[in-house]
Number of protein chains: 2
Amino acid sequence: MTGPRARTRIQARNSGTILDAALDVFSQFGFRGATLDQIAERAGLSKPNLLYYFPSKEAIYVALLDALMHAWLDPLRALTHDGEPVEEVLDYVRRKLEMSRLYPRESRLFANEILQGAPRILDRIEGELKTLVDEKAALIRTWVAEGRLAPVDPYHLVFSIWATTQHYADFDVQVHRVLGQDGDAPYPEAERFLTHLYRAALTPAR
Amino acid sequence: MTGPRARTRIQARNSGTILDAALDVFSQFGFRGATLDQIAERAGLSKPNLLYYFPSKEAIYVALLDALMHAWLDPLRALTHDGEPVEEVLDYVRRKLEMSRLYPRESRLFANEILQGAPRILDRIEGELKTLVDEKAALIRTWVAEGRLAPVDPYHLVFSIWATTQHYADFDVQVHRVLGQDGDAPYPEAERFLTHLYRAALTPAR
DNA sequence: CGTGCCGCTGACCATTTGGTCAAACAATCA
DNA sequence: TGATTGTTTGACCAAATGGTCAGCGGCACG
């Protein structure tokens with residue numbers, strides 16, 4: 001995470017530090033709940049110093065969302081017509097689950113933004129995101145038409161994959177408390193379950 | 001929604017109005033992002049008047065969570081060993097989806113709280129919620145052991161049902177924008193999809 | 001080695017925020 | 001009606017918040 005137009009190496013380092021600290025704070029408290037002082041403290045910089053690198057609180061937030069948006073859709077982009085349909089979708093599920101495991105803060109940041117009505121990212125959702133989903137939905141439809149996938153609504157399939165995988169990042173606390181395991185990771189079990197869930201639902205009837 | 005210990009009918013009416021307005025605001029902005037002024041305005045009352053009925057901002061928030069928690073678990077409580085296992089679970093899915101449709105603000109309030117680490121509701125999660133889930137997980141395990149349900153991890157099954165159903169309330173904006181339908185409700189399609197998903201995954205192999 | 005630009009900060013500011021309080025106002029009931 | 005209790009509010013406060021600015025220090029390079 002380099003930040004906007006890092007010319008010197010100090011700029012690269014510090015704007016990276018700021019964005020990382022901001023991700024911590026924004027992902028936990030949302031845009032309005034987060035404060036510049038919190039971010040500054042976590043970054044180990046002074047508040048005016050933050051505002052030397054970014055013009056405003058909102059600019060930091062938007063920079064994060066921008067950086068996130070593209071990477072966030074990568075797993076879905078990788079869904080191609082190359083392989084066996086059921087396994088292609090299962091691979092997507094695994095990639096998405098891996099994203100939740102590796103980047104829970106990013107998932108929460110995104111969730112927070114959407115929860116609040118996505119005021120600062122609506123255009124990206126209606127543009128980039130919708131376009132990509134439309135494209136993949138069409139691909140899924142052809143698979144269904146060819147009888148290589150059970151007949152399902154592609155959009156709601158994608159929604160359910162987003163929901164089930166991101167759940168482990170966004171609702172992390174709840175998952176851990178309900179499972180009662182203190183340090184143990186729920187991800188291996190989750191992957192097993194989701195694999196069964198989607199394989200059963202997508203394998204076409206013979 | 002009556003509020004805490006309404007003695008007079010004015011108290012009942014006003015604390016109800018306050019909680020309803022607070023649900024609007026808290027569910028959209030989270031605890032830290034919401035302001036008393038916003039709540040007061042939406043309730044049509046003055047800010048000091050709010051604080052006549054509730055001792056603090058946090059008290060309003062906690063009152064909401066308390067009122068919500070019990071009702072929120074009702075659909076799961078209704079999962080009993082009376083009927084056919086697969087249909088019992090499917091009924092649970094439908095009830096939970098209905099909750100998202102009818103009470104999206106409550107769903108978002110809850111989601112916001114969990115996203116932020118559940119600081120004011122952790123005990124209820126480790127107590128009431130975990131107890132109930134443990135109980136129903138045991139029931140599901142017996143169904144699996146009897147061969148009346150496909151072998152699945154009961155906890156992750158419950159997580160996935162929460163995730164997929166609440167998704168339609170919490171990520172409402174995203175769902176609507178991606179589907180591109182402006183006033184149309186996605187719920188009938190969602191119910192059809194989720195029914196297929198869970199029926200396929202839970203029906204035991206013959 | 002000096003000069004100029006990049007990086008940084010303490011002090012400050014206006015606004016917002018949660019919360020208080022005394023006093024005014026309304027409802028109830030003897 | 002009058003006394004008592006319940007309800008409402010304008011004015012106010014201290015703290016927190018996003019943001020500004022003049023100036024200081026240091027690094028880089030001619």
Side-chain angles (χ1 to χ4, degrees), chain A residues 1-65 112-113 116 119-120, chain B residues 2-65 109 112-113 116 119-120:
Chain A
M1 226 172 269
T2 55
R5 299 179 192 172
R7 293 167 180 273
T8 78
R9 74 195 69 169
I10 293 185
Q11 269 179 27
R13 172 171 52 85
N14 280 357
S15 63
T17 307
I18 291 170
L19 286 175
D20 190 68
L23 182 55
D24 271 1
V25 177
F26 281 131
S27 67
Q28 186 172 359
F29 300 108
F31 178 71
R32 295 185 49 168
T35 74
L36 283 178
D37 290 288
Q38 279 179 292
I39 299 172
E41 194 189 0
R42 189 145 341 194
L45 298 173
S46 69
K47 184 169 62 170
N49 206 0
L50 294 201
L51 295 164
Y52 171 73
Y53 289 100
F54 294 88
S56 69
K57 178 186 175 183
E58 179 155 356
I60 304 179
Y61 186 74
V62 171
L64 277 176
L65 282 182
N112 240 317
E113 172 69 8
Q116 302 185 4
R120 292 157 227 273
Chain B
T2 54
R5 298 181 193 169
R7 293 166 179 274
T8 76
R9 75 193 69 166
I10 293 184
Q11 271 179 28
R13 172 172 53 83
N14 280 356
S15 62
T17 306
I18 291 169
L19 286 174
D20 191 67
L23 182 56
D24 272 0
V25 178
F26 280 131
S27 67
Q28 186 172 359
F29 299 109
F31 178 71
R32 295 186 49 170
T35 73
L36 284 178
D37 290 288
Q38 278 178 292
I39 299 172
E41 195 190 357
R42 189 145 339 193
L45 299 173
S46 69
K47 183 168 63 168
N49 205 0
L50 295 200
L51 295 164
Y52 171 75
Y53 288 100
F54 293 89
S56 69
K57 178 186 175 182
E58 180 155 356
I60 303 179
Y61 186 75
V62 171
L64 276 177
L65 283 182
L109 183 77
N112 241 314
E113 172 69 8
Q116 303 186 1
R120 293 155 227 272

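Keep in mind it's a predicted model, so treat the numbers as computed, not measured. The sequence lines fix the lettering, A, B, ..., with proteins before strands; numbering per chain opens at 1.
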Can you tell me how far [atom2] of [N] sits from [atom1] of [X], to the nearest Å?
X      : N       : atom1 : atom2 : result
R9(A)  : dC6(C)  : CZ    : P     : 15 Å
F54(A) : dG7(C)  : CZ    : P     : 13 Å
L36(A) : dT16(C) : CG    : C1'   : 14 Å
L50(B) : dT20(C) : CG    : P     : 13 Å
N14(B) : dA27(C) : CG    : P     : 12 Å
R32(B) : dG18(C) : CZ    : C1'   : 13 Å
Y61(B) : dG18(C) : OH    : P     : 14 Å
N49(A) : dG7(C)  : CG    : C1'   : 7 Å

**OP:** Please examine the side chains of F54(B) and L19(B), heavy atoms only from C-beta on, and report whether any two atoms are closer than 4.5 Å.
**Re:** yes

**OP:** Would you indicate what A40(A) reaches in the nucleic acid, counting non-hydrogen atoms under 4.0 angstrom: base, sugar-phosphate, or nothing?
**Re:**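 Result for A40(A) = nothing.
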
Original post:
Run the side chain to side chain contact (heavy atoms under 4.5 Å, CB included) check on K57(B) and I39(B) step by step: do they pass?
Top reply: CA-CA 10 Å; K57(B) 178 186 175 182; I39(B) 299 172; 5.5 Å; no

**OP:** Please check the phosphate of dG7(C) (OP1 and OP2 only) for any side-chain N or O of Q11(A) closer than 4.0 Å.
**Re:** yes

Subject >> Upstream residue (5' side of DNA chain C) when Q38(B) and I10(A) are each assigned their closest nucleotide >> reply: I10(A)

**OP:** Look up atom OH in Y52(B) and atom CG in N14(B), then write down how far apart they are to the nearest 0.5 Å.
**Re:** 10.0 Å

**OP:** Return the orientation label for the F31(A) and Y61(A) ring planes: parallel under 30°, perpendicular over 60°, tilted otherwise.
**Re:**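 Aromatic pair F31(A)/Y61(A) classed tilted.
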
Subject >> Leading and trailing nucleotides of DNA chain D with any atom under 4.0 Å from heavy atoms of chain A >> reply: dT17(D) to dC21(D)

Please list, for nucleotides 10-15 of chain C, all pairs of protein and nucleotide N/O atoms separated by less than 3.5 Å.
none

